[in-house]
There are 2 protein chains.
Amino acid sequence: MARLLGLTSAALLAVGITAQTSTYVNPAVPTHTPISGDYTGPLRPQVHYSPPQGFMNDPNGMFVDADGTWHIYYQYNPTGVVAGNQHWGHATSKDLYHWVNQPIALFPPEERVYVFSGSAVVDVNNTSGFFPDQDNGVVAIFTLARYYEDGSGGPQTQNIAYSRDGGYTFEYYAANPVIDSTSPQFRDPKVIWYEDHWVAVVAYSQEFVVGIFTSPDLKTWEFASNFTRHGLLGAQYECPNLVKMPVRDADGAVLGETYVMAVSIQPGAPLGGSVTEYFLGDFNGTHFTPSDAVTRLTDFAKDNYAAQFFYGVPDGQNQVNLGWASNWQYTQKVPTGNLEGWRSAMTAPRVNYITEAPRIGLVMVDEIYDISPILDSKLKTSTCGGGDGTVALDYSSVESGALYIEVNVTNINTTLLTDYSTLNISFASPASGEILQSGFYFGGDTPFFVNRGGIKGFDNVFFTDKFSVSDVYSSGSSDTLASWSVKAVIDRSIFEVFVDRGIHAGTVVFYPSQPLTTLNLASRLPEGARVSVDIWSLKSAWAEYEDEQGVVYGNVTSSGNSTSRRSMVYESNFSV
Amino acid sequence: MARLLGLTSAALLAVGITAQTSTYVNPAVPTHTPISGDYTGPLRPQVHYSPPQGFMNDPNGMFVDADGTWHIYYQYNPTGVVAGNQHWGHATSKDLYHWVNQPIALFPPEERVYVFSGSAVVDVNNTSGFFPDQDNGVVAIFTLARYYEDGSGGPQTQNIAYSRDGGYTFEYYAANPVIDSTSPQFRDPKVIWYEDHWVAVVAYSQEFVVGIFTSPDLKTWEFASNFTRHGLLGAQYECPNLVKMPVRDADGAVLGETYVMAVSIQPGAPLGGSVTEYFLGDFNGTHFTPSDAVTRLTDFAKDNYAAQFFYGVPDGQNQVNLGWASNWQYTQKVPTGNLEGWRSAMTAPRVNYITEAPRIGLVMVDEIYDISPILDSKLKTSTCGGGDGTVALDYSSVESGALYIEVNVTNINTTLLTDYSTLNISFASPASGEILQSGFYFGGDTPFFVNRGGIKGFDNVFFTDKFSVSDVYSSGSSDTLASWSVKAVIDRSIFEVFVDRGIHAGTVVFYPSQPLTTLNLASRLPEGARVSVDIWSLKSAWAEYEDEQGVVYGNVTSSGNSTSRRSMVYESNFSV
């Protein structure tokens with residue numbers, strides 16, 4: 001959970017509220033039924049998760065269950081399009097692209113106490129004792145953040161709730177908190193299983209400390225160690241993740257495994273606002289020991305924060321994560337709030353493992369997860385055996401407005417490269433003249449860049465226009481015939497690129513005043529280089545759930561006691 | 001020295017060249033006399049150093065001599081406005097603002113061998129043996145970089161040259177190189193004195209290693225240790241600096257001293273291109289041991305690279321540095337080349353020491369050096385005892401176009417701050433509508449921002465528009481009456497800000513199509529806050545050296561054998 005510094009009392013107290021005996025529920029927030037949403041707006045991503053209505057930030061509690069259902073929860077203000085009033089929204093998916101909105105999973109337990117970020121685990125062996133007769137019990141561990149009447153922050157404590165129905169509904173544990181604290185800056189527990197015990201990493205945000213705790217049962221926690229003041233500090237540490245993943249060679253063969261400690265910093269990222277960094281190292285069940293002093297970033301742009309790794313991926317497999325595709329510097333101002341009643345999407349799901357990148361050494365790969373479930377038609381396949389080539393595509397007939405693009409360049413004679421050896425991919429709106437540019441320079445400093453400065457539907461003093469990363473795609477002077485690749489998804493208001501097998505990834509939100517409908521790709525490369533381009537339209541992952549009015553209701557049948565669909569269309573007064 | 005990756009053979013070989021017996025001199029490059037320059041162009045900084053003509057990058061060889069004369073040398077292409085053909089340009093100053101151009105100090109020793117970055121020391125005790133009868137001998141140590149006819153890079157070796165006239169003219173040492181190498185990526189030696197020996201730090205750029213060498217005499221060097229893979233890697237390490245500086249409390253009292261290891265990375269900065277990071281630690285004469293794993297950046301914007309600390313500042317005093325105010329991503333494209341025949345300025349000089357910043361802990365202060373020598377008239381003094389205030393100023397009559405601004409805000413009741421508590425400073429051109437914005441948000445995430453996106457004289461896909469840094473200016477909830485300050489210099493095409501006593505600094509170049517001539521300052525702060533604003537015009541540091549045609553000739557008398565001023569006006573064909 002983020003944005004403590006910026007939470008104004010006005011935002012937090014915008015909603016009229018009354019107390020209830022057990023779990024506090026704001027009467028404006030529906031229980032036991034999903035909130036419905038209109039996913040048809042021109043800025044609404046069609047293959048990314050975004051909340052039905054209201055304001056979303058960090059992903060929380062992510063796990064995959066034994067049936068292969070992926071669960072995401074998220075920081076959710078169901079009563080407005082700015083941050084505040086944090087609940088845990090919930091959605092499920094079988095493929096990480098088609099999401100079914102579920103009823104809100106966690107509600108504030110009392111007035112002015114909010115459910116901040118955290119994680120969830122499947123307690124297969126009933127270590128907690130909450131699940132005597134089942135192996136699919138889910139325990140969520142999260143921060144409860146108290147605010148006083150004057151808007152100032154009270155203690156943040158770590159608490160648990162358990163679900164006997166596989167993560168759809170939760171009961172607060174009676175003996176909360178499980179990790180007490182008097183600090184107003186102590187939050188975002190992420191729990192994993194290590195051999196014979198649970199391990200939680202929790203941020204002491206303004207001390208730049210990740211506290212590591214252990215537990216046999218998720219209820220009693222013992223302090224184990226601190227990991228402190230590493231890498232970029234920004235002005236706060238948030239949302240730590242500790243996760244083990246395979247180390248693979250360039251062909252994918254497993255060479256070993258290592259731990260990753262990811263820390264989100266907010267505010268104070270080098271590009272402004274929010275960013276996530278990570279450290280490689282060993283973990284012995286109580287202590288994380290970094291293997292070097294290198295600071296690595298998960299994203300070269302500005303819109304991927306607080307990513308969480310799904311709990312439950314089998315040991316030895318690649319990890320899977322998704323993050324919040326926004327930045328606290330402008331997330332509460334972007335135009336989707338006023339225009340379409342929602343704010344913030346998640347990134348596409350990503351696959352993670354460690355590999356050796358040319359020159360820079362070990363990095364965490366962040367590569368788009370299998371996109372086949374939403375691939376629609378192949379709009380274009382182009383192979384160019386010379387150096388120069390262009391592809392022009394009008395995709396205005398693609399209903400989703402979403403494309404997937406793969407470009408592979410092989411046989412690059414590196415001795416012939418110049419500063420002008422480029423591959424450019426741009427998307428434009430002929431109606432408005434807006435343009436989103438991206439591209440790679442093969443010579444010189446080898447930057448991949450994205451420029452959203454030509455998009456005119458939103459701007460403010462923090463909405464940085466240009467991003468770039470140097471991608472050393474070919475090292476060693478003997479290797480004169482190099483290869484390079486990029487994968488990209490464009491989805492109405494979000495653009496994600498995965499450079500050179502995901503060694504670098506960039507997430508860029510943009511808000512065009514008119515839909516982008518044309519693609520232009522141009523390569524200028526030395527003789528002999530082979531460029532292959534494949535462009536697919538993407539199926540909307542939301543359209544199939546829409547009724548004739550375009551409304552997505554989510555899962556209105558699974559969790560009982562809902563009234564009719566129609567009556568549950570959620571109405572609210574959004575304050576912006 | 002940077003830009004190896006991007007040096008094309010075309011750039012390097014743009015000049016016709018013939019060999020000479022001892023020191024190779026391109027006949028197009030004047031010797032023994034300064035190159036003249038026109039410093040009157042509308043984009044030409046008036047209180048910053050920029051070269052008379054041609055292309056400049058990294059500062060080199062910086063030292064202050066026993067008479068208090070500050071010497072800067074710099075990577076210099078005197079025959080074009082793009083990188084290549086590296087010489088060491090030279091200028092001197094008594095106050096770090098008024099610079100006198102000197103004859104070029106170091107020339108390429110042979111064809112296709114260039115003088116890359118390095119440093120200089122005053123060999124007071126004649127450890128080198130070059131200076132039997134003097135205590136002001138200067139030894140420069142630098143990289144010679146060989147390029148082959150096909151443009152590919154050969155070995156980079158470390159070499160020395162000595163000056164018996166205080167740094168104006170140099171002789172190459174006969175037994176060069178002093179640190180040999182077969183690596184094409186080994187460069188930028190920076191030398192300091194440690195107790196009883198010399199210490200050099202040199203970058204193995206693409207291995208992300210700073211090699212530490214020791215020497216008794218500057219001629220024989222011994223490998224001592226490596227400092228490796230620390231912080232952000234980017235795609236190369238360059239221009240390391242190792243320097244000792246005092247640790248001071250908020251009142252300036254000395255608490256101790258510490259070493260700073262600064263490393264410039266290029267390409268691959270988080271914001272794209274070039275940036276400098278630094279690490280704090282101990283140095284025992286052979287090994288640098290970082291005191292923590294924190295990665296700190298010297299600048300929150302994109303235009304301060306390869307800064308060097310002056311050799312010769314007395315032990316125990318604050319250090320002094322200046323950097324190259326540009327970025328390799330666009331430095332060879334900026335419009336000063338075509339319009340005015342020069343490219344790149346240095347930053348203003350800065351004073352450095354270590355202090356404890358609120359929350360984030362020890363940081364290197366980067367505060368503007370005593371600016372009094374160029375202060376002209378105080379244009380405005382405004383003190384506002386309420387929360388809201390504005391200052392509007394038309395400074396079109398200021399001939400230099402340069403201003404210095406100090407804003408101090410005190411008595412800030414932090415419990416009354418909101419996300420809308422701001423102080424904004426903007427500069428505009430009424431003629432063109434261009435605007436350069438900056439400002440601070442006192443509530444929320446406390447960002448200071450600069451936005452050059454409203455300036456229209458230059459753009460490319462790497463010329464990022466917006467920069468920000470979170471400045472935690474007040475920590476501790478008991479401290480409800482906080483203070484905050486900013487100092488800023490605007491100088492035609494360069495804007496530098498020093499936030500909260502230099503805890504954060506930002507350097508931003510910008511290229512307006514029309515001069516900026518109006519300033520607007522507006523504060524919106526809680527009742528009781530006191531805002532004091534002082535604005536001075538700055539005297540051009542160049543105008544006093546101009547002849548009636550506006551030409552600055554530099555020091556044409558000091559180094560002998562020049563012909564008349566008039567005949568030495570340097571003419572060249574600039575290739576852009």
Side-chain angles (χ1 to χ4, degrees), chain A residues 3 5-6 8 10 150 152 184 206-208 228-235 266-273 275 279 290 292-297 300 328-329 359-361 415 418-419 437 439 443-447 449 451 453 459 461-472 475 477, chain B residues 3 5-6 8 10 150 152 184 206-208 228-235 266-273 275 279 290 292-297 300 328-329 359-361 415 418-419 437 439 443-447 449 451 453 459 461-472 475 477:
Chain A
R3 191 59 181 174
L5 278 172
T8 61
D150 67 0
S152 65
Q206 299 193 352
E207 298 167 62
F208 307 104
T228 180
R229 295 181 67 80
H230 207 92
L232 295 161
L233 299 185
Q266 149 61 29
L271 282 78
V275 80
F279 314 110
D292 61 33
V294 175
T295 301
R296 302 166 177 90
L297 301 174
F300 69 83
W328 282 111
Q329 285 195 319
R359 191 188 306 170
I360 56 175
T415 66
T418 74
D419 280 356
Q437 298 172 284
D445 294 345
T446 64
F449 74 91
N451 177 12
D459 196 17
V461 294
F462 302 111
F463 198 63
T464 311
D465 56 355
K466 291 154 190 155
F467 311 100
S468 65
V469 66
S470 188
D471 177 49
V472 184
S475 65
S477 53
Chain B
R3 192 59 181 173
L5 279 172
T8 62
D150 67 1
S152 65
Q206 299 192 351
E207 299 168 63
F208 308 104
T228 181
R229 296 182 66 81
H230 207 93
L232 294 161
L233 299 185
Q266 151 60 30
L271 282 78
V275 80
F279 313 111
D292 61 34
V294 175
T295 301
R296 302 167 176 90
L297 300 174
F300 69 82
W328 281 111
Q329 285 196 319
R359 191 188 307 170
I360 56 174
T415 65
T418 74
D419 279 358
Q437 298 172 283
D445 293 347
T446 63
F449 73 91
N451 177 12
D459 197 16
V461 294
F462 301 111
F463 198 64
T464 311
D465 56 355
K466 291 154 190 157
F467 311 100
S468 65
V469 66
S470 188
D471 176 49
V472 183
S475 67
S477 54

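In what follows, chains carry the letters A, B, and so on, assigned in the order in which the sequence lines appear, proteins first and then strands, with residues in each chain numbered from 1. Hydrogens, waters and symmetry mates are skipped; everything else that's a heavy atom, side chains included, is used. Computed from a predicted model, the values in this text were never measured in an experiment.
Highest contact tally toward chain B, considering only A:F462, A:F279, A:F208, A:F467, is held by A:F462 [criterion: heavy-atom pairs under 4.5 Å]. Between chain B and the options A:V275, A:D471, A:L271, the largest number of non-hydrogen pairs under 4.5 Å is found for A:L271. When A:T228, A:N451, A:L233 are compared by the number of non-hydrogen pairs under 4.5 Å with chain B, A:L233 comes out ahead. Note: A:P270 leads A:P270, A:A269, A:G268, A:G272 in heavy-atom pairs under 4.5 Å with chain B.
Within the model, atoms CG of B:L232 and CG of A:L297 stand 6.0 Å from one another, a figure rounded to the nearest 0.5 Å. Atom CZ of B:R229 and atom OG1 of A:T295 lie 11.5 Å apart (nearest 0.5 Å). The line from NZ of A:K466 to CG of B:D459 is 3.5 Å long, rounded to the nearest 0.5 Å.
A distance-only check finds no donor-acceptor pair linking the side chain of A:R359 to the backbone of B:Q206 [under 3.5 Å].
Looking at residues two or more places apart in sequence or on another chain, you find no salt bridge (charged side-chain N to carboxylate O under 4.0 Å, His left out) involving B:D465. Listed by chain and number, the residues in a side-chain contact (heavy atoms from CB on, under 4.5 Å) with A:V469 are A:F300, A:F448, A:H504 (sequence neighbours excluded).
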**OP:** Apply side chain to side chain contact (heavy atoms under 4.5 Å, CB included) to the pair B:D292 and A:H230, showing each step before the final yes or no.
**Re:** CA-CA 7 Å; B:D292 61 34; A:H230 207 92; over 6 Å; no
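Between B:G234 and A:I360, the closest heavy-atom pair is O-CG2, 3.4 Å.
A 4.5 Å side-chain heavy-atom check between A:V461 and B:Q437 finds at least one atom pair inside the cut-off. Using a 4.5 Å cut-off on side-chain heavy atoms (C-beta onward), B:F449 and A:Q329 make no contact.
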